Chemist: 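This is the structure I have questions about; it appears just below.
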Amino acid sequence: MSQTYTTYEGNEPYIFVSYSHKDTELVMPVICGLQEYGFRAWYDVGTELGYEWPEYIANHILSAHCMLFFVTQNAADSQYCRQEVTYATACRKPIIRIQLGEKVQLSPGMQMMLNNLQASLTYKPDNCDALVEELSAARMLQPCLADDRPENTPSVSDDTILQFKLGECCYFGRGTAQDCYQAADYFRKAAEAGYAPAQVRLGSCYYFGKGVLRNIETALEWYQKAAAQNNAAAQFRIGECYFLGIGYAKDYNRAFMWFRKAAAQGYAKAEEYLKKYYYSGRIIRGEMH
């Protein structure tokens, strides 16, 4: 069954994702990963074809900052994907081509356009995390990174953000040898300065025991600090702990509340958990509105 997630609508810079709906199950984990980092993305989740469809798609391409094009044989054979890439090229939108595994037979015209793209990546479905990490560091996508901090969120310095990014490099072994201990140290410095993404990462270090001794209680403390800043990833993690009974007594009502907070910000994993609630009937009376 195809998955459908909340797509960005607004006036801030965002990524237009072009893909064949036949490849939804391959593409959505990447979009989910980008959402976890806070990137704004728009993608057609099943727009009903009709007279206004070309205007609808074209307007979103025109308003987008850049495009991610997932290249598969399905996409290459789709007249809609070809039209999207052609129009984005005409609008001089930056495009990142992402090759989904298998070799694709492209028409001469499509091959000519794609050969001139600014960036090209290869994606194997079993290595989604590596692709998301590479995309998250792409300079082209940085304007699409949301900064939705509430008013009580502490401002952070460039040094704090740099510490977080250094932690990411050490944690994932990007540009340096992987070192979770050094990563946790960088995350801690940025987290103590009040940077919510670092608080989530440090919480996950404690949750999984990477670079530090595993301590669920400490993990939840850092998740709570980030959630207080309206960080969707932290809200999801807390909800998941309530759902699974890790660190908290299992409580589907509280889990639902936290998932709903994260889903309201378009956090895809939270939306998937909410679907499980609706389908399984686990929502307890008083929690549905």
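One-based numbering along the sequence shown. All figures in this text were calculated on a predicted structure; none of them were measured in a lab. Reckoned from all heavy atoms, side chains included, excluding hydrogens, waters and symmetry mates.
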Chemist: Hey, what do you get for CD1 (I61) to OG1 (T86), rounding to the nearest 0.5 Å?
Modeler: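 Reported value, rounded in 0.5 Å steps: 9.5 Å.
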Chemist: Mind checking whether F243 and R254 have side chains closer than 4.5 Å, heavy atoms only?
Modeler: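 They are not in contact (no side-chain heavy atoms under 4.5 Å apart), so the answer is no.
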Chemist: As an exercise, state the distance from CZ of F69 to OG of S20, rounded to the nearest 0.5 Å.
Modeler: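 So the gap between those two atoms works out to 9.5 Å.
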Chemist: With a 3.5 Å cut-off and no angle check, do the side chains of D77 and Q73 form a donor-acceptor pair?
Modeler: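 Yes.
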Chemist: Drop me the distance from I161's CD1 to L166's CG, to the nearest 0.5 angstrom.
Modeler: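 Output value for this atom pair is 12.0 Å.
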Chemist: Is any side-chain heavy atom of S204 closer than 4.5 Å to a side-chain heavy atom of Y223?
Modeler: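 Of all side-chain heavy-atom pairs linking Y223 with S204, at least one is under 4.5 Å.
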Chemist: Without swapping roles, check the side chain of R40 against the backbone of I15 for a donor-acceptor pair under 3.5 Å.
Modeler: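 Not at all, since once roles are kept as given, no pair shorter than 3.5 Å links the two residues.
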Chemist: State the CG-CZ distance between L220 and R237, to the nearest 0.5 angstrom.
Modeler: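 If we round to the nearest 0.5 Å, L220:CG and R237:CZ are 12.0 Å apart.
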Chemist: Start with the C-alpha gap between L145 and Q142, add the side-chain angles, then the distance that decides, and say whether side-chain contact (heavy atoms from CB on, under 4.5 Å) holds.
Modeler: CA-CA 5 Å; L145 189 59; Q142 298 311 302; 4.0 Å; yes
Chemist: Between R214 (side chain) and Y207 (backbone), is there a donor-acceptor pair under 3.5 Å?
Modeler: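 Yes, R214 side chain to Y207 backbone: donor-acceptor pair under 3.5 Å.
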Chemist: Can you tell me if S157 and T160 form a side-chain donor-acceptor pair at under 3.5 Å?
Modeler: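 Looking only at side-chain atoms, T160 and S157 do form a donor-acceptor pair, the distance falling under 3.5 Å.
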Chemist: Donor-acceptor pair, Y14 side chain versus H60 backbone, under 3.5 Å?
Modeler: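 Yes, Y14 side chain to H60 backbone: donor-acceptor pair under 3.5 Å.
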Chemist: Could you go step by step and tell me if Y43 and Y8 meet the side-chain contact (heavy atoms from CB on, under 4.5 Å) rule?
Modeler: CA-CA 8 Å; Y43 33 95; Y8 176 77; over 6 Å; no
Chemist: According to a hydrophobic-cluster definition based on side-chain heavy atoms being under 4.5 Å apart (Ile, Leu, Val, Met, Phe, Trp, Tyr only), do L162 and Y195 belong together?
Modeler: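 Cluster IDs for L162 and Y195 differ.
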Chemist: Measuring from atom CH2 of W222 to atom CD of E217, what distance do you get when rounded to the nearest 0.5 angstrom?
Modeler: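 One finds 13.5 Å between CH2 of W222 and CD of E217.
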Chemist: Angle class for the Y19/H21 ring planes (parallel below 30°, perpendicular above 60°, tilted otherwise)?
Modeler: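 If you compare the ring of Y19 with that of H21, the planes turn out tilted.
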Chemist: Closer than 4.0 angstrom, basic N to acidic O: yes or no for E168 and K165?
Modeler: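 No salt bridge links E168 with K165.
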Chemist: Measure the shortest side-chain to side-chain distance between V30 and V17 over non-hydrogen atoms and say whether it is less than 4.5 angstrom.
Modeler: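 Heavy-atom side-chain distance check fails, nothing below 4.5 Å.
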Chemist: Assess whether side-chain contact (heavy atoms from CB on, under 4.5 Å) is satisfied between N215 and L213, documenting all intermediate values.
Modeler: CA-CA 6 Å; N215 189 317; L213 291 176; 5.9 Å; no
Chemist: Nearest 0.5 Å, please: how far is CG in L68 from CD1 in I96?
Modeler: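 Atom-to-atom, I96:CD1 and L68:CG are 5.5 Å apart.
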Chemist: For Y56 together with W42, are the ring centres under 6.0 Å from each other?
Modeler: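 Yes - the distance between ring centres of W42 and Y56 falls below the 6.0 Å cut-off.
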Chemist: Is the distance between the ring centroids of Y186 and F164 under 6.0 Å?
Modeler: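 No - the distance between ring centres of Y186 and F164 does not fall below the 6.0 Å cut-off.
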Chemist: Does one side chain, of E192 or Q199, offer a donor that lies under 3.5 Å from an acceptor on the other?
Modeler: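 The criterion, which ignores hydrogens and geometry beyond distance, is not satisfied for Q199 and E192.
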Chemist: Quick one: sort the Y248 and Y242 rings into parallel, tilted or perpendicular, breaks at 30° and 60°.
Modeler: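 Aromatic pair Y248/Y242 classed parallel.
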Chemist: Taking M140's backbone N and O only, do any of them form a donor-acceptor pair with H65's side chain (distance below 3.5 Å, no angle check)?
Modeler: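 Indeed, once roles are kept as given, a pair shorter than 3.5 Å links the two residues.
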Chemist: Among Q83, E84, R82, R97, whose side-chain hydrogen bond (donor to acceptor under 3.5 Å, both in side chains) with S18 holds?
Modeler: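 The side-chain hydrogen bond (donor to acceptor under 3.5 Å, both in side chains) with S18 is passed solely by E84 among Q83, E84, R82, R97.
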Chemist: Any donor and acceptor pair, going by atom type alone, linking the side chain of N231 with main-chain N or O of A234 inside 3.5 Å?
Modeler: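 Indeed, once roles are kept as given, a pair shorter than 3.5 Å links the two residues.
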Chemist: Between F236 and I216, is there a shared hydrophobic cluster once you connect ILVMFWY residues whose side-chain heavy atoms come closer than 4.5 Å?
Modeler: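 Same cluster.
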Chemist: Going through the checks in order, is the side-chain contact (heavy atoms from CB on, under 4.5 Å) test met by V212 and Y181?
Modeler: CA-CA 7 Å; V212 295; Y181 295 97; over 6 Å; no
